[in-house]
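Following: one structure in C-alpha cells, then a few remarks.
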There are 2 protein chains.
Amino acid sequence: MATNLRERRRRQTSREIQMAAVVVTLRCGYEHTTTEAIASEAGISTRTFFNYYNNKEAAILGETTPPDPAQADWFITSDAPIVDDIAHLLGQVLKDDQVDRNMMRKIMDVIETTPDFLPLFRKRMDDTSLVVSNLLVARFGAAFAAEAQLLAELATHAMIDALQVWAVDDNLVVDDVTTLIREKLHNVGTLLSRGGRGALR
Amino acid sequence: MATNLRERRRRQTSREIQMAAVVVTLRCGYEHTTTEAIASEAGISTRTFFNYYNNKEAAILGETTPPDPAQADWFITSDAPIVDDIAHLLGQVLKDDQVDRNMMRKIMDVIETTPDFLPLFRKRMDDTSLVVSNLLVARFGAAFAAEAQLLAELATHAMIDALQVWAVDDNLVVDDVTTLIREKLHNVGTLLSRGGRGALR
DNA sequence: CGTAAACATTGCATAGACTGCAATTATATG
DNA sequence: CATATAATTGCAGTCTATGCAATGTTTACG
C-alpha cells in the first residue's frame, strides 16, 4: 500500500477534530468550550487532541498552505497591475487549499460571535503574508521591504473580507474571491490617493 | 486630598507591573516567564497581578488610549490628502499617550525575540483602528465601510512600523513618527497603483 | 509472511494560567 | 471618628497544556 494511508487518516482526523471544535464552540460559546468537550465530540482523548493542535484556537481555525514561491515566478516578472497579480495569487491559494465552504461559514460564525477570533484568523494567514511580501520584494526590489510587508498584510486582510462574502453567498464560486480581493485592494488604493470628502469615484 | 491619590497609585503600580513583566521576559524569555516571577519582581502577589491585567500578554504590552472622536471633527471635514490626515491623527495618539521610549524599546525587544507578540501588538491597536475606520466612514460615506476598515488597519500597522523606528533612534522626536507614518502610507499607495517591475518612483 | 522500526493513541502526573470568594487592610469622605 | 469604598491577598478549584511511558497499529523490508 502507498504510505499515504496514515497521512490520509491524519488529515481526516484533523478535519474531524476541527469540525468538532467548531460545532461545540457554536453550540456552547467559546467561553464554555473545553478541550474535553471537543475531544469527546470528536471521539478521541484530550491527549490526542493536543497531538493534532497546539491549542483550542488552532483547532477551530484549522491550517492554511501558503503559496509555493517556486511556482510564482510569473508574479515577479509580470507587467500587469500589482493589484491584479496579488488577487490572482491569493485566489490560487484558496483553490489549492480546497477550502470547504461549509466549514468556512461555520468559522465565520465563530468569528462573528467571538470577535477575539478575527486577530487570530489574521495571524493564521501570516505565513501567506510573508510569502507575498517576499514576492513583492523580489518584484520591486529590497528598498521598500517595509512597505511590501504592509501591502502583503493588507492583501491578506482583504482576502479574509472576501472570504467572508464568499462563505455566505452560494452564488459565488472560488474565482469570484479573486475578483473581490482585486476590487477591495483597488478601492483602498483609490482612497489612499484621495484628498477631501465625498464618495469614491 | 484629591481622590486622585488612589488613581495615581493605580497607574503607578500598573506601570511597575508592566516593567516587571517586560524585564522578566527579556531576562528569561517569554516561554519561561511565569506570572509568579512577574509578581515577585513587581513586589505583589500573583492574585494582584490578575487584578491589574487579564493575562501575561496584556501586562507586557500595556494599554493604549484610542483617539477621542469628539476631538476629531477636523478629520471629517478636512480637504488635505487623506494620508496626511491619518498620519497626523495617529501621531496625536502617541503624544496623548505620553509613550515612554524606554518602555517602547523594551517592548520592541520582546517582539523581536518572540515574534508571536507582533499580532498581539496589532490587536492592542484594534480600538484605535476602529475609531480611525469610523472617522473614515464619516468622511467618505458608508458605501465603502469595508475599505475604510482595511485602510485603518493598514494605518495602525504603519504606525507600529514607525514606532519601531522611533524607539531605537534617539535622534527622532515624537513628531517624526507622524512623518514616518505618512511616508509609509504614501509608498504603499504608490505601490498599489503600480504595474510592472522596478523601484518606486 | 514475519519482524523491527516508525508512528498513533492513550492515561497519568504535573506545571502553570486564571477565577471566585472571603478576609484583611488601607484610603476617602462627611 | 465612623463609615463607605477600594486594594491586596490567600486559598481552593477549574482548565489548558506538556512530558513520559505503556500499548496498540502501520509500514518497510528481508
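Just so it is clear: chains get the letters A, B, ... in the order the sequence lines come, proteins before strands, and each one is counted from 1. Quantities reported herein were computed from a predicted structural model and do not represent experimental measurements.
Contact between the side-chain N/O atoms of A/Tyr52 and the OP1/OP2 oxygens of C/dT9 is found at a separation under 4.0 Å. Proximity of B/Arg6 to the phosphate of C/dA28: no side-chain N or O atom is located under 4.0 Å from OP1 or OP2. For A/Thr48 and C/dT10, the shortest distance from a side-chain N or O to OP1 or OP2 is below 4.0 Å. Residue A/Thr35 has a polar side-chain atom (N or O) positioned under 4.0 Å from OP1 or OP2 of D/dT16.
Where A/Glu36 and B/Asn51 each meet DNA chain D at their nearest nucleotide, the meeting point lying more 5' is that of B/Asn51. Where B/Arg47 and B/Lys56 meet DNA chain C, the nucleotide closest to each residue was compared, and B/Lys56 sits on the side nearer the 5' end. If A/Tyr53 and B/Phe49 are placed on DNA chain D by their nearest nucleotide, the residue sitting closer to the 5' end is B/Phe49. Nearer the 5' end of DNA chain C, as judged by each residue's closest nucleotide, is the contact made by B/Asn55, out of B/Arg9 and B/Asn55.
A/Glu16 has its CD atom 15 Å from the P atom of C/dA8, to the nearest Å. Between the C1' atom of D/dT25 and the CD atom of A/Gln12 lies a distance of 18 Å, rounded to the nearest Å. When the C1' atom of D/dA7 is taken as reference, atom CD of B/Glu7 falls 14 Å away, rounded to whole Å. Look at CZ on B/Arg8: it is 18 Å from P on D/dA6, rounded to the nearest Å. In this entry the distance linking CD1 of A/Ile38 with C1' of D/dA17 reads 13 Å, nearest Å. Protein atom NE2 of B/His32 is 13 Å distant from nucleotide atom P of D/dT18, rounded to whole Å. When the P atom of C/dA17 is taken as reference, atom CD of B/Glu57 falls 10 Å away, rounded to whole Å. In this structure, A/Arg11 atom CZ and C/dA8 atom C1' are separated by 17 Å, rounded to whole Å.
Ion pairing between a basic and an acidic side chain is recognised when a charged N comes within 4.0 Å of a carboxylate O; A/Arg105 and A/Asp100 show no such pairing. Salt-bridge check for A/Glu57 with A/Arg124: failed, with every basic side-chain N at 4.0 Å or more from each acidic carboxylate O.
Of the listed residues (B/Val131, B/Ile86, B/Asp85), just one forms a side chain to side chain contact (heavy atoms under 4.5 Å, CB included) with B/Leu136, and that residue is B/Ile86.
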Salt bridge (charged side-chain N to carboxylate O under 4.0 Å, His left out) assessment of B/Arg122 paired with A/Glu153: CA-CA 11 Å; B/Arg122 287 174 177 153; A/Glu153 279 277 330; 3.0 Å; yes
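Across C/dA17, D/dT18, D/dT9, the shortest atom-to-atom separation from the side chain of A/Phe50 is found for D/dT18.
A/Ser14 and A/Tyr53 share a donor-acceptor pair across their side chains, judged by distance under 3.5 Å alone.
Using a 4.0 Å heavy-atom cutoff across all strands shown, A/Asn54 reaches sugar-phosphate atoms only and no base atom.
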